[in-house]
Structures are given as C-alpha cells and as structure tokens.
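For clarity, every value in this text was computed on a predicted model and none was experimentally measured. Computed from heavy atoms alone, side chains included, the values below leave out hydrogens, waters and symmetry copies.
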Amino acid sequence: MADSRVTALYRYPVKGLSAEELAKVSLKAGGTMPWDRAFAIENGTTDFDPADPQYFPKTKFLMLAKNERLATLETQFDDDSGTLTVLRRDKGGKAKQVAKGDITSRIGRQLIEHFLTSYMEDDLRGPPRIVTVPDAAGAGFSFSDVPMKVLSLINMTSVRDLERVTGEPVDPLRFRGNVYVDDLPAWSELEWENKTFSIGSLKVKGILRTQRCAATNVNPTTAKRDMNVPQTLRIGYGHMDMGLYCEVLEDGDLATGDVLTPPA
C-alpha cells in the first residue's frame, strides 16, 4: 500500500458556515488550526461571555444539524483584516455577495448579524449574536462540538467504504474535517484513541472517535437533506462514527502531501 498522505486541509472560521481550504498551516501544541471555529452564531441568547468563555453544546448556536439553510452561504475570512465576506448561491450555483464586515469588531459583527436576522428568520429563537474571544492570531476559544481543542481527521478510504454501503457519492465535506488523509485501511483510524502518531513533522494523539449527527445529512452543495448518514453508519457498521478527534502534542507545520505515519 502507498504511504498515507494528507490530501486536503480545511478550517471553518464560523461554526456552521462554509469550509476554507488551506495548503499549509502552523499549529501550536494543545491548539487547533488558527481561526478554526473561532466564531459562532448564538441563536437568540446572550449566555456566552467572552471574558469568561465556557463550553456550550452546539444546540445553543446556529448549526447545520438543524439549520440547513446555512449551507446555501459561502464565506471567506481574511486573517489580516478580520473581514468575513458572505456570499449566497442561487439555484444555478452562482454566488453573490450579501454581507461583509470585520467580525473581530462589534460593528462588523452587527453588519453580519443584520443579514442573518433576515436570512435565517425562520430558524431564529431571537436575535442572532456572533460571539468570539478576541485573539489576534486566531488561537483563542474554539467553538468545537467537543470541549477540548482538537483537529478533526477524516480517512478518505472510510468515506469511500461508506459510499459502497450507500450506493451513492458521499461528499467528504459533509464531515467538516480539518485534515483529510488517504491510503489508510478503511476505519483503521477509529482504533487510534489514546495512541500517538505523526502527520509529517506534526505529532498528534487520537483522543476521541467522532460520532456523527444530523449535520452530515445536509448536502454541502445543495443544502438539501438528501441522506441519513448516522443511520447508515449505525445499520451498516454498528456505530455512528466517522473520523477521529486529535490533540496536537507539539508545535509544528502541516501541509497537503505530508505523510501520515500510523501508531506503531
């Protein structure tokens, strides 16, 4: 078998919104990708306190599991300016800018919130509120689905095996991973909890299998709920897991093409 290599890297600056592909990234021990899930959209509450950030379950925020209309939006985040550009795809797939603002600033967040108030009206329990913990390097609080800071690793061989079971294509971005790798045995990554391995020069530790929810049912291109991924996993494999949460053990760089060395 060929060496397993990184085929793609992604971050998700705003929880529930679109992915951004990266060619390479520098990571800190105990951290996640810079700006990954650095922002979230609180749905009708004001419970999150940036001065005392606490983990909240994803149900507090706008999220694909319940708010599939988010998938009709494409976002672009600029690290230097803090500007988030929001585009909306029409039925033909053409994207048009609908909002823009520096979401590291209160005024910029309000510009995006005004758009969301109208666009997501049917999904809101009250005014939407973009929350974040200020950090110039994007290494602050992460609004992950789990309390710890992690990288989400997806094995493309496992995705293809799921396609075999479903009998139809499965877009890997349904799983909103950070690190996509290929040429590993299918599902082998699920056995790496509490095991250390390397990706290029980066040392990581598997800490938790990623259990899948209804967010994966949403087609990231069409925004339609056109599959039942958790049910398919449960019936086909006896679990609802796809991917592995990993802890970064040492500072290092990661790039597409890097070789993954499995646990010994």
Just wondering, do Lys58 and Cys213 contact through their side chains at under 4.5 Å, heavy atoms?
yes
Check the side chains of Tyr237 and Asp161 for a donor-acceptor pair under 3.5 angstrom, ignoring hydrogens and angles.
yes
For the hydrophobic clusters of this structure (ILVMFWY residues joined by side-chain heavy atoms under 4.5 Å, transitively), does one cluster hold both Val6 and Val248?
yes
Note: Lys205-Glu247 ion pair, threshold 4.0 Å (strictly below)
no
Give a yes or no answer on whether the side chain of Arg174 reaches the backbone of Asn217 with a donor-acceptor pair at less than 3.5 Å.
yes
Taking the six-membered ring of Phe56, is NZ or CZ of Lys60 closer than 6.0 Å to its centre and within 45° of its axis?
yes
Atom CD of Glu121: over 12 foreign heavy atoms under 6.0 Å:
no
Under 3.5 Å, is there a donor-acceptor pair between the side chain of Ser142 and the main chain of Ala38?
no
Can you tell me how far the CG atom of Leu70 sits from the CG atom of Leu116, to the nearest 0.5 Å?
8.0 Å
Does Phe77 belong to the same Ile/Leu/Val/Met/Phe/Trp/Tyr cluster as Val98, with side-chain heavy atoms less than 4.5 Å apart forming each link?
yes
Specify whether His239 and Trp187 have parallel, tilted or perpendicular ring planes, treating 30° as the upper limit for parallel and 60° as the lower limit for perpendicular.
perpendicular
Grab the two heavy atoms, one from Pro172 and one from Met156, that are nearest each other, plus how far apart they are.
CG-CE, 3.5 Å
Donor-acceptor side-chain pairing of Asp78 and Gln76 below 3.5 angstrom:
no
In plain terms, say whether Arg106 and Glu113 are close enough for a salt bridge, that is, a side-chain N and a carboxylate O under 4.0 Å apart.
yes
Any donor-acceptor pair under 3.5 Å linking the side chain of Thr210 with the backbone of Asp241?
no
Taking the side chain as every heavy atom from C-beta outward, state whether Asp47 and Glu42 have any pair of such atoms under 4.5 Å apart.
yes
Treating Ile, Leu, Val, Met, Phe, Trp and Tyr as nodes and any side-chain heavy-atom pair under 4.5 angstrom as an edge, say whether Ile154 and Val179 lie in one connected cluster.
no
Check whether Tyr119 forms a cation-pi arrangement with Arg69 (NZ or CZ under 6.0 Å from the six-membered ring centre, at most 45° off the ring normal).
yes
Just so I know, are the side chains of Leu249 and Thr196 near enough to count as touching, which here means a heavy-atom distance under 4.5 Å?
yes
State, without any angle test, whether Thr166 and Glu163 hold a side-chain donor-acceptor pair at a distance under 3.5 Å.
no
Can you tell me how far apart CE (Met120) and CD1 (Ile41) are? Round to the nearest 0.5 Å.
7.5 Å
Test log, rule side chain to side chain contact (heavy atoms under 4.5 Å, CB included), inputs Met242 and Thr216
CA-CA 10 Å; Met242 173 67 80; Thr216 55; over 6 Å; no
Are side-chain heavy atoms of Val181 and Thr7 found at a separation under 4.5 Å?
no
Considering non-hydrogen atoms only, spot the tightest contact between Leu184 and Pro262 and give its length.
CD2-CG, 4.0 Å
Heavy-atom distance under 4.5 Å between the side chains of Ile207 and Asn194, does that happen here?
no
Rounded to the nearest 0.5 Å, what's the gap from OG on Ser198 to CG on Leu254? Could you check?
11.0 Å
Test log, rule side chain to side chain contact (heavy atoms under 4.5 Å, CB included), inputs Asp122 and Leu124:
CA-CA 6 Å; Asp122 293 343; Leu124 296 175; over 6 Å; no
Partner of Glu74 under side-chain contact (heavy atoms from CB on, under 4.5 Å), picked from Arg89, Arg88, Glu20, is Arg89
In the single-linkage hydrophobic clustering (I, L, V, M, F, W, Y; side-chain heavy atoms under 4.5 Å), do Phe175 and Val165 co-cluster?
yes
With no hydrogens and no angle check, is any side-chain donor or acceptor of Ser4 less than 3.5 Å from a backbone partner on Asp182?
yes
In terms of side-chain geometry, is the basic nitrogen of Arg11 or Asp79 positioned less than 4.0 Å from the acidic oxygen of its partner?
yes
If you define the side chain from C-beta out and look only at heavy atoms, does anything of Asp258 sit under 4.5 Å from Asp253?
no
Could you tell me the separation between the CG atom of Leu244 and the CG atom of Leu151, rounded to the nearest 0.5 Å?
10.0 Å
Donor + acceptor pair across side chains of Asp36, Asn178 (<3.5 Å):
yes
Ignoring hydrogens and geometry, is there a side-chain-to-backbone donor-acceptor pair from Arg212 to Val229 under 3.5 Å?
no
Ignoring hydrogens and geometry, is there a side-chain-to-backbone donor-acceptor pair from Arg5 to Gly257 under 3.5 Å?
yes
Do you know which two heavy atoms are closest between Phe197 and Thr261, and how far apart they sit?
CB-O, 3.2 Å
Charged N to carboxylate O below 4.0 Å: is that the case for Asp145 and Lys15?
yes
Under 4.5 Å between any side-chain heavy atoms of Leu202 and Val204, yes or no?
yes
Heavy-atom closest pair (Pro13 atom, Ser18 atom, distance to 0.1 Å) is CD-O, 4.3 Å
Taking all atoms of both residues into account, what is the closest heavy-atom pair of Asp251 and Ala29, and its distance?
OD1-N, 2.8 Å
Are the aromatic ring centres of Tyr55 and Phe141 under 6.0 angstrom apart?
no
Using modelled atom types and a 3.5 Å cut-off, is there a donor and acceptor pairing between side-chain atoms of Asn155 and backbone atoms of Glu189?
no
Tell me if a side-chain donor or acceptor on Ser118 pairs with a main-chain N or O of Phe115 at a distance below 3.5 Å.
no
Heavy-atom donor-acceptor pair, Tyr245 side chain to Arg209 backbone, under 3.5 Å:
no
To the closest 0.5 Å, what do you measure between CG (Asp102) and CD1 (Ile107)?
9.5 Å
Without swapping roles, check the side chain of Thr132 against the backbone of Phe39 for a donor-acceptor pair under 3.5 Å.
no
Can you check side chain to side chain contact (heavy atoms under 4.5 Å, CB included) on Asn43 and Phe61, steps first, answer last?
CA-CA 5 Å; Asn43 189 359; Phe61 308 103; 5.9 Å; no
Ionic contact status for Lys224 with Glu68, cut-off 4.0 Å:
no
Could you give me the CA-CA distance, side-chain angles and deciding distance for Lys100 and Thr83, then say whether side chain to side chain contact (heavy atoms under 4.5 Å, CB included) is met?
CA-CA 7 Å; Lys100 186 175 184 178; Thr83 299; 3.6 Å; yes
What's the spacing between Tyr10 OH and Met33 CE if we round to 0.5 Å?
11.0 Å
Could you check whether any side-chain heavy atom of Asp52 comes within less than 4.5 Å of a side-chain heavy atom of Gln54, counting everything from C-beta outward?
yes
Just checking, is any N or O donor in the side chain of Gln97 or Thr85 under 3.5 Å from an acceptor N or O on the other one?
no
Tell me if the centroids of the rings in Phe143 and Phe48 come within less than 6.0 Å of each other.
yes
Taking all non-hydrogen atoms of both residues, which atom of Asn219 and which atom of Ala71 are closest, and how far apart?
O-CB, 4.2 Å
Side-chain heavy atoms nearer than 4.5 Å, only ILVMFWY residues, links allowed to pass through others: does that put Leu190 and Leu153 together?
no
